[in-house]
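Reading through the structure tokens given below for one structure.
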Amino acid sequence: MRDSGGPMDRLEAMSDSRPVRVRFAPSPTGMLHIGGARTALFNWALARRHGGVFVLRVEDTDTERNTAESLQSILDSMRWLGLDWDEGPDAGGEFGPYFQSERMPHYQAAIERGLNEGWLYRCFLTPDEAQAMREQHLEEKRPGRWENPSRELSIAEAEQRAAAGESFVLRFRVPLGREVHVQDHIRGAVSFRSDEVEDWVAVRANGMPTYNFCCAIDDAHMQISHVIRGEEHLVNTPKQVLLAEALGVAVPDFAHVPLILGADGKKLSKRTGDTALGDYIDKGYPADALFNFLALLGFSIDDKTTVFSRAQLVEAFDLKRISKGGALFDTDKLHYLCGEYIRQMEVPALTDAVLPWLRQADLVPETLPEGGVDVCGSRAWLEKLVAAMQERLGLLAELPEKAAFLFSEAAEHDDKAQKALAEDGARERVEAIAAALEAEAAFPPAEFGAWTKTQCEALGVGMGKVMKPLRAALTGTLGGPELADVLELLGRERALARLRALPLA
RNA sequence: GGCCCCAUCGUCUAGUCAGGCCUAGGACACCAGGUUUUCAUCCUGGCGACGGGGGUUCGAAUCCCCCUGGGGUCACCA
């Protein structure tokens with residue numbers, strides 16, 4: 001008894017001419033999840049694509065678990081990603097308030113109506129009793145929903161028990177024998193039998209309405225045109241549609257985006273890796289790279305484009321191009337994109353971006369020393385460093401570790417470096433270069449490559465015989481930036497000192 | 001288990017709605033070369049997929065059915 005769900009019934013992009021109003025509705029019970037960030041991104045993109053409005057609505061009906069810090073970190077994460085909202089906290093708007101906890105008057109009116117019209121009823125089952133009935137129904141493998149005795153209570157009796165102080169919740173009276181159709185921009189027509197939908201709790205015993213209740217009412221009141229949310233909400237949709245029908249309000253278009261999966265192929269969770277956007281911020285992923293990556297998870301511009309800007313995404317964004325299957329969170333690709341963005345950045349901007357990490361690693365003080373390229377730690381020197389390291393960086397946070405040797409007095413030689421210096425004649429060649437370097441007026445000598453070649457010829461050996469131990473002595477390892485850059489960043493004093501004070505073999 | 005969703009290289013995907021232009025394209029990863037004073041970057045090449053079975057059709061990755069597989073959900077959380 002379900003529709004085929006074939007491609008034919010996938011909605012056209014804009015099924016009507018309502019202005020585009022979308023919302024992201026996080027609940028402030030934790031950090032912003034990667035999946036939530038992508039959902040927010042898609043909402044934002046649709047609004048920007050159509051010159052619509054992006055609403056941020058805080059779903060804080062769970063008074064037990066809300067925290068102010070969570071809210072703050074969610075807002076911070078969104079701003080960091082560049083997802084600016086037009087209505088919501090700190091932005092205001094004509095459909096506020098934007099905190100559900102402050103919208104009780106709206107809900108109260110609906111509650112009274114529901115009670116009067118009979119589509120809400122008082123249920124006196126305790127949570128345990130309700131759970132037991134649900135389980136028993138499951139155990140008996142009976143079709144449809146479990147039967148709630150409170151559903152058949154007379155209004156008089158229900159009111160009497162309530163007046164006597166008995167605790168109750170308000171449940172939605174799901175109509176029997178209905179077929180609920182949901183039009184979804186990503187999945188086409190999806191339908192549910194109402195007999196499969198349980199009489200869900202609309203208002204808790206403490207008087208606070210639940211998610212499904214508030215959500216449908218707010219979406220209607222805020223004139224939301226498209227609800228773009230995670231696929232885990234697909235099964236909630238008939239509840240919200242039925243409520244909207246009872247209330248006689250508009251039902252938005254839906255677009256349920258596939259889940260982001262962890263390495264285990266299941267919904268991304270803390271078990272399989274970091275799930276909060278904040279974790280990635282802390283690890284030194286540039287915002288543009290993360291934005292690009294998130295967009296790529298489930299969306300594609302065409303068959304070739306993988307690196308694109310926000311503007312390009314906005315220009316190309318279309319719900320029809322969101323894929324239906326879940327996507328694994330591929331850290332390799334994320335890492336690649338980061339490198340790509342780091343290499344694209346202008347040196348001054350990259351220097352700014354990397355500064356916090358240098359400070360955190362204690363390589364650089366709050367206030368940079370004055371001076372030019374010759375002053376270690378100065379702005380000019382740092383830009384030189386960044387330029388030299390740029391194409392070797394995968395993450396912003398990698399710089400301190402990779403560049404530490406340029407900040408220290410002496411080099412720490414690793415095994416490979418020691419081995420290189422232990423080779424026959426290596427130390428002598430390093431000393432010869434040190435002497436030649438000292439004799440030069442310019443430091444490092446101009447045309448360093450050519451200069452070195454001349455030195456090698458004078459010594460009668462190949463480049464490798466000189467460069468390798470020289471690098472080992474200078475940097476303490478065998479990889480890294482060009483030696484001319486290393487020399488310049490080290491400066492005459494430090495560089496020569498390193499060449500003169502080789503580690504004992 | 002019930003209900004719902006999904007199914008192209010190891011991964012992200014293009015192609016599926018309007019069946020032939022697909023001996024299935026791109027990117028990441030991986031492997032092999034090249035450039036380079038090292039590392040990295042960059043360039044070239046390679047590996048590698050339509051889950052299975054039935055239909056429909058002159059022709060199916062594309063349409064239909066079944067199977068299999070994966071996921072989501074079954075809260076007084078959202």
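- The same atom, P, is picked in B:C42 and in B:C50; the two are 31 Å apart, to the nearest Å.
- Note on A:Gln131: a side-chain N or O is less than 4.0 Å away from OP1 or OP2 of B:A75.
- Out of B:G71, B:A78, B:C42, the shortest distance to the side chain of A:Thr210 is found at B:A78.
- For A:Val235, taking side-chain heavy atoms from C-beta onward, the closest of the listed nucleotides B:G72, B:A78, B:C76 is B:G72.
- A sub-4.0 Å separation between OP1 or OP2 of B:C74 and a side-chain N or O of A:Arg134 is absent.
- Comparing the C1' positions of B:C4 and B:U8 gives a spacing of 24 Å, expressed to the nearest Å.
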Report, one pair per line, the protein and nucleotides 9-15 of chain B atoms (nitrogen or oxygen only) whose separation is under 3.5 Å.
unit_1 : atom_1 : unit_2   : atom_2 : d
B:U11  : O2'    : A:Asp330 : OD2    : 3.4
B:C12  : OP1    : A:Leu328 : N      : 2.9
B:C12  : O2'    : A:Leu296 : O      : 3.0
B:C12  : O2     : A:Lys333 : NZ     : 3.4
B:U13  : OP1    : A:Gly298 : N      : 2.8
B:U13  : OP1    : A:Ser323 : OG     : 3.3
B:A14  : OP1    : A:Ser300 : OG     : 3.2
B:A14  : O3'    : A:Arg321 : NH2    : 3.4
B:G15  : OP1    : A:Arg321 : NH1    : 3.2

For this session: With side chain to side chain contact (heavy atoms under 4.5 Å, CB included) as the test, would you mind laying out the steps for A:Leu277 and A:Ile34 before giving the verdict?
Result: CA-CA 5 Å; A:Leu277 188 71; A:Ile34 285 290; 4.1 Å; yes
Check nucleotides 37-39 of chain B against the protein and report each pair of N or O atoms closer than 3.5 Å, with its distance, or say if there are none.
unit_1 : atom_1 : unit_2   : atom_2 : d
B:U37  : O4     : A:Glu482 : OE1    : 2.9
B:U38  : O2'    : A:Leu478 : O      : 2.6
B:U38  : O2     : A:Arg471 : NE     : 3.3
B:U38  : O2     : A:Arg471 : NH1    : 3.3
B:U38  : O2     : A:Leu478 : O      : 3.3
B:U38  : O2     : A:Gly480 : N      : 3.0
B:U38  : O2     : A:Gly480 : O      : 3.4
B:U38  : N3     : A:Arg471 : NH2    : 2.9
B:U38  : N3     : A:Gly480 : O      : 2.7
B:C39  : O2     : A:Arg392 : NH1    : 2.6
B:C39  : O2     : A:Gly480 : O      : 3.1
B:C39  : N3     : A:Arg392 : NH1    : 2.4

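- When heavy atoms are screened at a 4.0 angstrom cut-off, A:Arg171 is found touching the sugar-phosphate backbone but no base atom.
- Using a 4.0 Å heavy-atom criterion, one finds that A:Lys267 contacts the sugar-phosphate atoms exclusively.
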For this session: Go through the steps for A:Lys324 and A:Glu231 under the test salt bridge (charged side-chain N to carboxylate O under 4.0 Å, His left out), then give the verdict.
Result: CA-CA 10 Å; A:Lys324 298 193 215 183; A:Glu231 192 185 351; over 6 Å; no
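- Atom CZ of A:Arg65 and atom C1' of B:C76 are 12 Å apart (whole Å).
- Base pairing of B:G2: its partner is B:U73, meeting the Watson-Crick or G-U wobble criterion (both donor-acceptor distances under 3.5 Å).
- Contacts of A:Leu125 with the nucleic acid, taken as non-hydrogen atoms under 4.0 Å apart, include base atoms.
- The side-chain heavy atoms of A:Trp146 and A:Asp199, taken from C-beta on, include no pair separated by under 4.5 Å.
- Atom CG of A:Leu71 and atom C1' of B:A78 are 14 Å apart (whole Å).
- Of the possible polar contacts, none joining the A:Asp485 side chain to the A:Pro481 backbone as a donor-acceptor pair under 3.5 Å is found.
- Applying the 3.5 Å distance criterion, the base of B:A78 shares a donor-acceptor pair with the side chain of A:Asn236.
- Of all nucleotides listed (B:C77, B:G26, B:C3), B:G26 comes nearest to the side chain of A:Lys304.
- In this structure, CD of A:Glu129 is placed 16 Å from C1' of B:A75, rounded to the nearest angstrom.
- Just one residue in the list A:Phe329, A:Tyr336, A:Tyr285 forms a ring-ring contact (aromatic ring centres under 6.0 Å, His included) with A:Phe293, and that residue is A:Phe329.
- With a 6.0 Å cutoff to the six-membered ring centre and a 45° limit on the axis angle, A:Arg122 counts as a cation-pi contact of A:Phe168.
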Exercise. What do the steps show when you test A:Lys320 against A:His185 for side chain to side chain contact (heavy atoms under 4.5 Å, CB included), and what is the final call?
Worked result: CA-CA 7 Å; A:Lys320 282 193 295 196; A:His185 280 276; over 6 Å; no
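- More than 12 heavy atoms of other residues, nucleotides or ligands shown are found within 6.0 angstrom of CD on A:Gln312.
- Residue A:Tyr211 is in base contact, counting any heavy-atom pair closer than 4.0 Å across all strands shown.
- Pairing for B:A7 is with B:U68, a Watson-Crick or G-U wobble pair whose two hydrogen-bonding atom distances lie under 3.5 Å.
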For this session: Please step through side chain to side chain contact (heavy atoms under 4.5 Å, CB included) for the pair A:Tyr211 and A:Asn236, ending with a clear verdict.
Result: CA-CA 10 Å; A:Tyr211 162 71; A:Asn236 282 322; 3.8 Å; yes
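- When rounded to the nearest whole Å, the span between CD1 of A:Ile260 and P of B:G72 equals 14 Å.
- Regarding A:Phe213, its CZ atom lies at a distance of 13 Å from the P atom of B:A78, rounded to whole Å.
- Listed nucleotides: B:A78, B:C6, B:C4. Nearest to the side chain of A:Val190: B:C4.
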